[in-house]
Each structure stands twice: as structure tokens, then as C-alpha cells.
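Encoded as C-alpha cells, the structure appears first; notes follow it.
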Amino acid sequence: MQPLCNLALTFLCALSFLSSVFSLQCNDTQYAWPVDQPTLCCNKCQPGQRMRQRSPVTCENKCGPCATNRYTDTYTVMYDCEVCDKCNKPNMEYSSNCTTTHNAVCRCKAGYRCKDVTCKQCVPTPTTTTKPKPTTVLRYETLTEPWPRQIRDTAWFLVIIALLCAGLAIVVLAKMKPFLRWIKSKHGYFLAKEPAPVPARFDDEGVSTPIQEVLGKCEV
């Protein structure tokens with residue numbers, strides 16, 4: 001009789017222990033302890049902190065803040081914090097800095113985009129199709145665009161005409177020079193200068209005045 005009573009008592013104790021184990025449910029801010037046969041729900045360290053010391057048999061633990069450039073954004077039992085991301089890659093900048101409770105957020109500079117959802121690399125943004133201009137602007141350009149082109153064409157035409165005229169004048173002058181020389185050689189008397197005028201001479205010049213005799217005297 002005694003062995004049966006002991007077996008029943010042991011069985012009841014085992015059922016009570018198993019029921020306590022199976023009924024243990026901890027929330028997201030807690031952890032079950034001990035690991036092998038959990039009987040307690042212990043509190044985790046808050047975001048921005050890490051586990052520094054934990055009791056092997058009880059829920060007594062000590063938490064401490066994360067070091068510089070490290071963070072935890074959830075309740076944790078880890079002994080070290082996560083390392084913050086650095087936004088120092090090419091064409092990348094900080095969207096928000098790292099804190100003890102949040103990781104740094106990176107973004108790409110203007111003209112670049114993230115290659116994937118993690119944004120670990122920035123690539124050039126594809127060229128977008130240029131939007132068509134408004135109808136009024138297109139009509140204005142259609143009306144005004146031919147005028148400058150027509151002015152340029154007219155200017156080039158005038159320059160070509162001027163060069164042709166200058167070349168023709170040079171050719172004509174070159175052809176006329178031998179002709180002018182021929183005229184001068186054959187008809188030089190047309191180009192002779194008029195003789196210089198000869199001063200008039202009086203007929204009585206050089207003729208001696210007659211000597212008249214007056215009352216026996218000679219008088220000139």
C-alpha cells in the first residue's frame with residue numbers, strides 16, 4: 001500500500017510541475033528563466049540599453065546604456081548593442097543620425113537613388129522622359145523660329161554676293177591695265193601737255209630811236 005501512495009504522490013507532483021511549465025507564457029518584454037526548466041518571466045533590458053549582469057537562478061539582472069555609435073531598438077537580453085550604420089559611401093548622406101534607440105538612416109544625394117531597400121549603395125537616377133511643352137509655347141516657337149534662320153540665310157547670301165562683286169572688280173581692273181597702256185602708247189598725243197605760252201614781243205624793241213637835228217644840235 002505504501003509504495004502505491006508514494007507513486008501517486010510523485011505522479012501528482014510531476015503533473016503540477018509540468019502544468020506550471022506549460023502554463024508559463026512571457027510577453028515580448030520578458031524572457032523565460034531558467035533556460036532548461038523555465039519557471040519565471042524576467043524583464044528584458046529596455047531599448048537603448050544592454051544586459052550587463054544576470055543571475056543564474058533568479059530574475060535579478062543589471063542593464064546599462066549602449067556605447068557611442070551603438071544602439072538597441074527593441075527589448076533585449078543581449079550583452080552588447082548593435083553597431084550603427086555609417087552613411088559615408090559615395091553619393092550618400094544622412095537622413096537621420098544614429099541614437100541609442102534608433103539606427104542611422106541613410107539616403108542618396110540628388111540625382112541618385114538607392115539600389116535596394118537596404119540602401120547600401122547609391123546609383124544614378126535613370127533619365128526621365130522630358131515632358132512636352134505647353135501648346136502655346138510650341139506654337140510660339142513654331143512662329144518665331146524661322147525668322148532667325150531666314151536672317152542668317154540672307155546675311156550669308158549678301159556676303160557671298162559682296163565677295164563675288166569684289167572678285168569681279170579685281171578681274172576687270174586687271175584686264176583694263178594692259179588696254180590703258182596700249183591706248184597710251186598708240187595715241188600718246190591725246191595725253192600730251194599743252195605748250196607753254198610764249199611772251200609777246202614788241203616790234204619796236206631793239207630798234208634805235210632816230211636822231212633828230214634841232215637847230216644844228218643833235219637831239220635824241
Side-chain angles (χ1 to χ4, degrees), residues 1-138 140-141:
M1 189 67 182
Q2 187 68 26
L4 292 175
C5 292
N6 291 335
L7 181 60
L9 181 62
T10 303
F11 181 74
L12 292 174
C13 291
L15 287 177
S16 63
F17 176 77
L18 291 174
S19 62
S20 62
V21 171
F22 289 122
S23 63
L24 184 65
Q25 294 181 354
C26 302
N27 58 32
D28 294 337
T29 64
Q30 297 174 333
Y31 64 95
W33 191 256
V35 178
D36 297 334
Q37 296 179 353
T39 58
L40 300 173
C41 287
C42 303
N43 293 327
K44 298 179 181 179
C45 294
Q46 296 180 357
Q49 296 182 345
R50 61 183 180 88
M51 187 73 70
R52 296 181 59 188
Q53 186 178 356
R54 183 168 57 182
S55 173
V57 293
T58 65
C59 285
E60 293 181 1
N61 53 42
K62 293 182 180 180
C63 299
C66 295
T68 305
N69 295 327
R70 292 180 178 269
Y71 76 99
T72 54
D73 54 1
T74 59
Y75 287 85
T76 182
V77 293
M78 301 297 294
Y79 284 92
D80 204 355
C81 300
E82 299 289 340
V83 180
C84 297
D85 291 336
K86 294 183 179 180
C87 305
N88 56 357
K89 296 180 180 179
N91 304 311
M92 187 176 291
E93 62 185 3
Y94 283 93
S95 178
S96 62
N97 295 324
C98 182
T99 64
T100 56
T101 58
H102 293 87
N103 190 13
V105 179
C106 303
R107 66 183 179 188
C108 296
K109 296 181 180 180
Y112 295 85
R113 62 177 179 86
C114 296
K115 186 176 182 180
D116 50 28
V117 294
T118 60
C119 201
K120 299 297 183 181
Q121 183 180 359
C122 293
V123 295
T125 302
T127 304
T128 56
T129 305
T130 306
K131 296 182 179 180
K133 297 181 180 180
T135 305
T136 54
V137 176
L138 290 175
Y140 176 76
E141 291 181 352

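- Distance OG1/Thr29 to OH/Tyr75: 6.0 Å, rounded to 0.5 Å.
- Note on Glu93 versus Arg107: salt bridge recorded, some NZ/NE/NH1/NH2 to OD/OE distance being below 4.0 Å.
- Side-chain contact between Lys86 and Tyr94: present, with at least one pair of heavy atoms (C-beta onward) separated by less than 4.5 Å.
- Between the side chain of Thr125 and the backbone N or O of Gly111 there is at least one donor-acceptor pair closer than 3.5 Å.
- Contacts of Val105 classified as side chain to side chain contact (heavy atoms under 4.5 Å, CB included), with partners at least two apart in sequence or in another chain: Ser95, Ser96.
- A pairwise comparison of heavy atoms in Tyr79 and Met51 identifies CD2-O, 3.0 Å as the closest pair.
- In this structure a side-chain-to-backbone donor-acceptor pair under 3.5 Å is present from Arg70 to Cys81.
- The main-chain N or O of Cys63 is never found under 3.5 Å from a side-chain atom of Arg52 such that the two would form a donor-acceptor pair.
- When the salt bridge (charged side-chain N to carboxylate O under 4.0 Å, His left out) test is applied to Asp73, no partner is found at least two apart in sequence or on another chain.
- Atoms CG and SG, from Asn61 and Cys42 in turn, are 7.0 Å apart once rounded to the nearest 0.5 Å.
- Residue Val57 comes nearest to Leu40 through the heavy atom pair O-CD1, 4.2 Å, listed as atom of the first residue, atom of the second, then distance.
- Residues Tyr31 and Cys41 fail the side-chain proximity criterion, which asks for heavy atoms closer than 4.5 Å.
- The structure places OG1 of Thr101 at 11.0 Å from CD of Gln49, a figure rounded to the nearest 0.5 Å.
- Nearest heavy-atom pair across Lys44 and Gln30 is CE-O, 2.9 Å.
- With rounding to the nearest 0.5 angstrom, the NZ atom of Lys62 is 12.5 Å from the SG atom of Cys45.
- Nearest heavy-atom pair across Glu82 and Thr72 is N-CG2, 4.4 Å.
- In this structure, His102 and Tyr71 have side chains that are not in contact, with every pair of non-hydrogen atoms separated by 4.5 Å or more.
- For Asp28, the CG atom counts as loosely surrounded, since its 6.0 Å shell holds 12 or fewer non-hydrogen atoms of other residues, nucleotides or ligands.
- Contact annotation: the side chain of Lys120 approaches that of Lys89 to within less than 4.5 Å [non-hydrogen atoms, C-beta and beyond].
- For the cysteines Cys119 and Cys108, the sulfur (SG) atoms lie at a distance of at least 2.5 angstrom from each other.
- Annotation: the span from Glu60 atom CD to Gln53 atom CD amounts to 9.5 Å, rounded to 0.5 Å.
- The shortest distance between side-chain heavy atoms of Arg113 and Val123 falls below 4.5 Å.
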task = Might you work through the disulfide (SG to SG under 2.5 Å) test for Cys122 and Cys114, ending with a clear yes or no?
result = CA-CA 5 Å; Cys122 293; Cys114 296; 5.2 Å; no
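- The shortest distance between side-chain heavy atoms of Pro38 and Trp33 does not fall below 4.5 Å.
- No donor-acceptor pair under 3.5 Å is formed between the side chain of Asp85 and the backbone N or O of Asn103.
- Here the SG atom belonging to Cys66 is positioned 8.0 Å from the CG atom belonging to Asp80, to the nearest 0.5 angstrom.
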